[in-house]
> 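Below is a structure I'd like to ask you about.
First listed ligand is number 1; within each ligand, the first listed atom is number 1. Nothing fancy with the numbering, it's 1 onward along the sequence. We use all heavy atoms of the structure for the numbers below, so side chains are in, but hydrogens, waters and symmetry mates are not.
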Amino acid sequence: MAAQPTIRQIDGAPFAATLVAAPAANAVAFVLNARGVRNIWVTDSTQPNARQVTAFTQDDGQDLTSLAFSADGRTLYFVRGGGPNRAGETPNPTSDPAGAEEAIWRVRLDGTPATRLMEGSSPTPSSRGTSVAFLRRGAIWMASPSSGDSVRVSQLLRMRGSGGSLRWSPNGEQLAFVSNRGTHSFVGVYTLSSKALRWMAPSTDTDNAPVWSRDGSRLAFLRVPYAGRRLGFRATRSAQPWGIMVANAATGEAREVFRATAGRGSAYWAIVADNQLQWMAGDRIVFPWERTGWVHLYSVSANGGAAKELTPGNGEVEFVSTSPDGTRVLYNTNIGDIDRRHVMSVVADGSAAPVPTASGAHIAWSPVYSSQGSTYALVSDAKQPAHAAVLQTSRWNMLAPESMPADFPAASLVTPTAVSLRAADGVTSYGQLFLPPNAQPGKKYPTVIFLHGGSRRQMLLGWNYGAYYHHAYALNQAMALRGYIVLSLNYRSGIGYGMEFREALRQGATGGSEYGDVVAAAKWLGARPDVDRTRIGLWGGSYGGYLTAMGLTRNPELFKAGVDIHGVHDWNVGIQTFVPDYDVHANRLATRTAFLASPMAQVKNWRAPVLLIHGDDDRNVRFVETLTLIQQLRAQQVPVEQVVFPDEVHGFLRHESWMRTFEAAIDFFGRKM
Ligand SMILES: CSCC[C@H](NC=O)C(=O)N[C@@H](C)C(=O)O
């Protein structure tokens, strides 16, 4: 009998992310994270096969992000390292005594080594010439690289607020940006020659997502009406409708060319794209809108008028990019295949129906056109993790096949199937069921329910496009190969199934209604002949840790053990992490509702053994959430085990952190289930 694949083998394939196309030279770049060693790979017109262009060698937890090509496509800028936490500390999960930094690097595609340029983030190369605008602690700076390795940097302008969304005008003479003031934000335009700053029709609202017209004379941006402080982790089904403004860049005068209607879609829901708005050929603006209850793309004239729906159907549009000539939009969607993602394209004026790219049981995202019109994307399926691919004769062909480890056990992995189930309140939830290979008829299997985090996430019928859930899929595979039935539950408040599912009533801190789907899943599983209902466990991270803890406090009769990774245990603490001035006394009913929807409200019921795992530099769910829970469980003599990662953040940056987490979880379930 073949040796059972280890979790290190199953989770040992590189994870591809951050696919970007250059404005010239037919160049495309992406990041491969190979067991924590992150490097940039490139393909271009000089060498069509992908090649690694950086030479990092350690699982050091220093992420590579914000890839941006120079105008000529011959130089790539990127950020190495993460941003500061509220204490100003940058992620240093190896506890490197020398510390860590967030810095902008440069690599030329001529084979010379990558070099560190300066501290900063959001490198934004000019659309002309060699200047690079960037951010440093919220301020806007400019770098003027020389032909050598030196670079001259200077702060471009001094202004209040925190800068973001840097956008060069097509002629490279102006820089648009967003100035975030906390309760509102403005769109500004800085002219390099005159050193003049002009605000675009400033208002009390939140203006963001600026995009230049193709002739550089105007700017479009989103205007979201002020709606008071948003506490998060609750449903938002409608709002004061958002709109699209078009401003004259020279005068700053602007007018509204589109406004969402009241009700469905009046609250803005973002796509994943370099710009939320796409200024296309023919002076049309493409934008996302949830008018039908699904996130679809629409097109409107920059002069106003009726919006035209481009992507009809029951499903969401998620990743969006455009063709260099501005005539086509490239996007991915789950329309027609709700638990996967496929790449489509559509003409910006809506004069023709969307066109598919490749068919098959795959998951594709981050699609881009190269400057010469080839189509690239990141692709996975049930057995093959995220990899960069090029579209050739309607098939996705891997760009860096040599990066796959020889011991990756693709053939041994199981293929999950889609399931759905109904909660006591009638709400349908969804999931993927993993059955052990060669399951024996009549045998009852131990079972675990995986609960994703977010909660605006969706687990799919294959390796996930998010790094966190790429790892989670690996553990689900490992558990199935070890003889567990695994249900990966897409509970309400997640994405992919429409606005009302995502904005489920009484979710999170307003009632924890999504927990009803966890109970329904346990009962659905318990009714299966192949499930040992006395051996059902829970595991999940963050929001999934929250639901794991809810199960172990609310229904100790249903669940035998749990693995809770950096879970939320008191919503009032969880909210305060994101809203530092959240006042628990401001609305006592809301505070009490939030507490009653938290595991800590019924922690006295907790009996089952639990493994708690947390990094102490967690910026999303504070370490204290686990400290408080452990203190209480010890007082109740509940069997609690722990794994702590000094200086690790929320989404573990080190591969070794994931491996130690998963090895501990497999061992824990093996002993407790
Ligand atoms: C107070 S709940 C925070 C949960 C957290 N959301 C955002 O940070 C979370 O679930 N994080 C990861 C796992 C995610 O966003 O998927």
Side-chain angles (χ1 to χ4, degrees), residues 15 17 63 82-83 85-86 91 229-236 270 272 318 365 386 450-460 463-476 488-496 502 504 507-515 517-518 538-550 563-580 582 584 590-591 593-595 597-601 612-615 617-629 645 648-653 657-658 661-662 665:
F15 175 75
D63 212 353
N85 60 21
R86 293 192 199 285
R229 191 175 45 181
R230 305 173 67 83
L231 297 180
F233 311 104
R234 63 204 65 226
T236 303
V272 181
E318 193 171 31
W365 65 100
F450 167 66
L451 301 156
H452 63 71
S455 63
R456 277 54 170 118
R457 303 283 182 250
Q458 183 186 9
M459 295 305 285
L460 303 171
W463 288 87
N464 202 271
Y465 54 82
Y468 193 106
Y469 301 103
H470 161 87
H471 291 298
Y473 185 84
L475 181 57
N476 289 337
S488 179
L489 179 65
N490 286 338
Y491 54 87
R492 72 188 79 178
S493 83
I495 62 170
R502 185 190 73 232
Q507 65 176 261
T510 62
S513 62
E514 56 274 51
Y515 176 66
D517 300 335
V518 180
L538 297 167
W539 87 272
S542 201
Y543 211 111
Y546 157 69
L547 289 170
T548 295
M550 287 289 276
V563 176
D564 168 352
I565 307 169
H566 40 236
V568 173
H569 304 127
D570 180 339
W571 275 121
N572 290 305
V573 175
I575 292 168
Q576 213 153 35
T577 305
F578 292 86
V579 186
Y582 171 59
V584 295
T591 299
T593 302
F595 179 71
S598 305
M600 293 310 283
L612 297 175
I613 301 172
H614 214 136
D617 183 19
D618 193 322
R619 292 95 183 274
N620 301 54
V621 178
R622 276 184 276 167
F623 192 53
V624 71
E625 293 254 33
T626 291
L627 302 181
T628 310
L629 178 60
F645 297 114
E648 188 53 286
V649 297
H650 194 61
F652 299 147
L653 287 166
S657 303
W658 286 111
T661 291
F662 291 164

> Which residues pass the salt bridge (Lys or Arg N to Asp or Glu O under 4.0 Å) test with R619, not counting sequence neighbours?
D617

> Go through the structure and list residues passing salt bridge (Lys or Arg N to Asp or Glu O under 4.0 Å) with R492, not counting sequence neighbours.
D425, D517

> Could you tell me which residues satisfy ring-ring contact (aromatic ring centres under 6.0 Å, His included) with H470, sequence neighbours excluded, listed by chain and number?
F15, W463

> Taking T577 as the fixed residue, which of H650, R622, R86 is the one that meets the side chain to side chain donor-acceptor pair (under 3.5 Å) rule?
R622

> Go through the steps for Y468 and R457 under the test side-chain contact (heavy atoms from CB on, under 4.5 Å), then give the verdict.
CA-CA 11 Å; Y468 193 106; R457 303 283 182 250; over 6 Å; no

> Evaluate the side-chain proximity of E625 to H566: yes if any heavy-atom separation is below 4.5 Å, no if none is.
no

> Go ahead and list the nitrogen or oxygen contacts between ligand 1 and the protein that come in under 3.5 Å, distances to 0.1 Å, or just say none.
{"from": "ligand 1", "atom 1": "6 (N)", "to": "G454", "atom 2": "O", "distance (Å)": "3.2"}
{"from": "ligand 1", "atom 1": "8 (O)", "to": "N620", "atom 2": "ND2", "distance (Å)": "2.6"}
{"from": "ligand 1", "atom 1": "10 (O)", "to": "G454", "atom 2": "N", "distance (Å)": "2.5"}
{"from": "ligand 1", "atom 1": "10 (O)", "to": "S542", "atom 2": "OG", "distance (Å)": "2.7"}
{"from": "ligand 1", "atom 1": "10 (O)", "to": "Y543", "atom 2": "N", "distance (Å)": "3.3"}
{"from": "ligand 1", "atom 1": "11 (N)", "to": "S542", "atom 2": "OG", "distance (Å)": "3.1"}
{"from": "ligand 1", "atom 1": "11 (N)", "to": "H650", "atom 2": "NE2", "distance (Å)": "3.0"}
{"from": "ligand 1", "atom 1": "15 (O)", "to": "R457", "atom 2": "NH2", "distance (Å)": "2.7"}
{"from": "ligand 1", "atom 1": "16 (O)", "to": "R457", "atom 2": "NE", "distance (Å)": "2.8"}
{"from": "ligand 1", "atom 1": "16 (O)", "to": "Y469", "atom 2": "OH", "distance (Å)": "2.5"}

